[in-house]
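First up is the structure itself, then whatever we jot down about it.
Chain naming here is simple, since letters A, B, ... match the order of the sequence lines and numbering starts at 1 in each. Just so it is clear, the values below take in all heavy atoms, side chains as well, and ignore hydrogens, waters and symmetry mates.
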Number of protein chains: 2
Amino acid sequence: MELSPTMERFVLHWGEMGTRWGVSRSVAQVHGLLYLSPKPLTADEIVSTLSIARSNVSASIKELQSWNLIQTHHVMGDRRDHFSAISDPWEAFMLIVEGRKQREIDPTLTTLRQCVEASPDDKGLSKESAKRIEETLEFLELLTSWYEDVRRVPRPLQLKILKLGGKVAKLLGKA
Amino acid sequence: MELSPTMERFVLHWGEMGTRWGVSRSVAQVHGLLYLSPKPLTADEIVSTLSIARSNVSASIKELQSWNLIQTHHVMGDRRDHFSAISDPWEAFMLIVEGRKQREIDPTLTTLRQCVEASPDDKGLSKESAKRIEETLEFLELLTSWYEDVRRVPRPLQLKILKLGGKVAKLLGKA
DNA sequence: ATGTAATTTCAGAAATTTCTGAAATTAAAG
DNA sequence: CTTTAATTTCAGAAATTTCTGAAATTACAT
């Protein structure tokens, strides 16, 4: 797998974006590469294309699998794994959102609930602060329940609503 | 400013979340503290509460200001700055989204447009890869235009739509 | 079973990020 | 203008994260 200039630009940028969104450069580069590749790649092809250590590729693949962003394929007479990425941008996006929700939002909800529960017994906690925490919890719960709802809507309808954009407001403003 | 157990739990968690979302622990802790505090705090109060260096607080404040997440107040007869955080969770959330859009999405759109523009001349680039990049750009543009639309909707209506959740789909599914 | 290819683990190296504390700068008060 | 308080800058220290390469493990093939 040789990278054309455009692919290289894409993969490098993808890698940098990864570092800003909480995954390592390598993980994001591997994802970017698989995402662009017309055919599934073996770990060794990834190694030679990106010039990173075999073990790094192994770890990156494992990480991407934990996000459900890549799939494994098998080729007759070849015992190596071949990897490909989810190629639909909308589906990939939703998988990333789901992963971050589970990794970060859910634990935050747990912490906030513990805070709210402990508030009444905390003599050093001002009413204002306690209220602020409660409001934060309520907001995050509202946001996650919205997400859980939206997540279940069939893809075509999701797309439709996304394309409506601000018109949704106009339609519902009256309702 | 002494931290009660609940405030401490909140601030420490906020700090850890920060590290996962691309800001340093200190920046997130300072924000968490100001967010909870019933009254604006001086830099030195933040220093003693969080036990971090004065210069670190200074840098963190600067960072938070660049996100428009905090405000500066002045007290008669006191030449120190007093800082407070945006206390409405929804507004804070929107400011964070806006900041990330500007810092990460916009540059990505630029890169993708460059890629799409360069594609035809890139002999090494497969049709499939070129198409993948175009689709990604289209998706991101769709997402940002949706965001730009939603951003302009009046807050109360935004809230209303958020609360409707999946019902929006039911209402619009027929439309 | 034995050999070989593929993959994973893991300890430490390298790179990056974050933080500190001293020095410099800015700005208000006397 | 001088003094003092407040803030910022910045070089290097500390902490953290990421990556490598050798060794171990796993799994397939003969």
Side-chain angles (χ1 to χ4, degrees), chain A residues 1 11-34 40-67 70-84 103-104, chain B residues 1 11-34 40-67 70-84 103-104:
Chain A
M1 189 80 199
V11 169
L12 290 179
H13 182 83
W14 215 244
E16 291 317 302
M17 280 308 106
T19 65
R20 295 179 171 253
W21 289 90
V23 296
S24 77
R25 188 188 325 278
S26 302
V27 169
Q29 282 185 358
V30 170
H31 180 253
L33 174 61
L34 293 177
L41 302 177
T42 65
D44 279 321
E45 285 174 309
I46 298 171
V47 167
S48 66
T49 307
L50 299 180
S51 306
I52 59 180
R54 179 65 182 77
S55 56
N56 195 3
V57 170
S58 177
S60 296
I61 285 170
K62 214 176 146 194
E63 169 85 4
L64 291 170
Q65 282 170 334
S66 80
W67 291 81
I70 61 175
Q71 294 161 335
T72 306
H73 307 267
H74 295 102
V75 174
M76 280 295 287
D78 184 349
R79 62 207 250 200
R80 297 169 303 175
D81 285 336
H82 293 243
F83 303 96
S84 68
R103 278 156 234 242
E104 284 120 27
Chain B
M1 190 81 198
V11 170
L12 290 179
H13 182 83
W14 215 243
E16 291 317 303
M17 280 307 106
T19 65
R20 293 179 172 254
W21 290 90
V23 294
S24 77
R25 185 186 330 270
S26 302
V27 169
Q29 282 185 358
V30 170
H31 179 253
L33 174 60
L34 292 177
L41 302 177
T42 64
D44 279 320
E45 285 174 310
I46 298 171
V47 167
S48 67
T49 307
L50 299 179
S51 306
I52 60 181
R54 179 66 182 77
S55 56
N56 195 3
V57 169
S58 177
S60 297
I61 285 169
K62 213 175 145 195
E63 170 86 3
L64 291 170
Q65 281 170 334
S66 80
W67 292 80
I70 61 176
Q71 295 162 334
T72 306
H73 307 267
H74 295 102
V75 174
M76 280 295 285
D78 184 348
R79 64 207 247 201
R80 297 169 304 175
D81 285 335
H82 294 241
F83 303 97
S84 68
R103 278 157 235 244
E104 283 120 29

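Per the geometry, CG belonging to B/D44 stands 7 Å off P belonging to D/dA6, to the nearest Å. Between A/E45 atom CD and C/dA6 atom C1' there is a gap of 14 Å when expressed in whole angstrom units. In this structure, the CG atom of B/L50 is 10 Å from the P atom of C/dT20, given to the nearest Å. Rounded to whole Å, atom C1' of D/dT7 lies 15 Å from atom CD1 of B/I52. For the pair B/W21 CH2 and C/dT18 P, the computed distance is 17 Å after rounding to whole Å. One can place CD1 of B/I61 at 17 Å from C1' of C/dT18, the figure rounded to the nearest angstrom. Here the C1' atom of nucleotide D/dC19 and the CD atom of A/E63 are 14 Å apart, to the nearest Å. What separates NE2 of B/H82 from C1' of D/dT7 is a distance of 14 Å, to the nearest Å.
Among the heavy atoms of the strands lying under 4.0 Å from A/D81 are primed sugar atoms or P, OP1, OP2 only; no base atom is included. Heavy atoms of A/S26 sit under 4.0 angstrom from primed sugar atoms or phosphate atoms, though from no base atom.
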Donor-acceptor contacts under 3.5 Å from residues 11-19 of chain B side chains, at least two apart:
unit_1 : atom_1 : unit_2 : atom_2 : d
B/H13  : ND1    : A/T111 : OG1    : 3.2
B/H13  : NE2    : A/T108 : OG1    : 2.8
B/W14  : NE1    : B/H31  : ND1    : 3.0
B/E16  : OE1    : B/R25  : NH1    : 2.9
B/E16  : OE2    : B/R25  : NH1    : 2.4
B/T19  : OG1    : B/E16  : O      : 2.5

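Residues that satisfy the side-chain hydrogen bond (donor to acceptor under 3.5 Å, both in side chains) test with A/S26, not counting sequence neighbours, are A/N56. The side-chain hydrogen bond (donor to acceptor under 3.5 Å, both in side chains) check on A/S24 picks up nothing, with sequence neighbours excluded. Not counting sequence neighbours, B/S55 has no partner by the side-chain hydrogen bond (donor to acceptor under 3.5 Å, both in side chains) test. Residues forming a salt bridge (Lys or Arg N to Asp or Glu O under 4.0 Å) with B/R103 (at least two apart in sequence, or on another chain): none. Applying the side-chain hydrogen bond (donor to acceptor under 3.5 Å, both in side chains) criterion to A/S84, with sequence neighbours excluded, gives A/H73.
Listed by first and then second residue, the salt bridge (charged side-chain N to carboxylate O under 4.0 Å, His left out) pairs that reach into residues 49-63 of chain B are B/D44-B/R54, sequence neighbours excluded.
Proximity of B/K62 to the phosphate of D/dT9: a side-chain N or O atom is located under 4.0 Å from OP1 or OP2. Contact annotation: B/S58 side-chain N/O to D/dT8 OP1/OP2 distance is under 4.0 Å. Using a 4.0 Å cut-off, some side-chain N or O of B/R54 falls inside it from OP1 or OP2 of D/dT7.
Taking for each of A/D78 and B/N56 the nucleotide of DNA chain C with the nearest heavy atom, the 5'-most of the two is the partner of A/D78.
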List every contact pair, protein side and nucleotides 22-30 of chain D side both N or O, where the distance is under 3.5 Å.
unit_1 : atom_1 : unit_2 : atom_2 : d
D/dC28 : O2     : A/R79  : NH2    : 3.4

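Scanning all heavy atoms of the two residues, the minimum distance from B/W67 to B/V23 falls at CZ2-CG1, 4.4 Å.
Atom CD1 of B/I70 is separated from atom NE2 of B/H82 by 13.5 Å, given to the nearest 0.5 angstrom.
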Inset, instruction - Produce a footprint string for nucleotides 12-17 of chain C: one letter per nucleotide, 5' end first; B if the base is under 4.0 Å from any protein heavy atom, S if only the sugar-phosphate is, - if neither. - result: ------
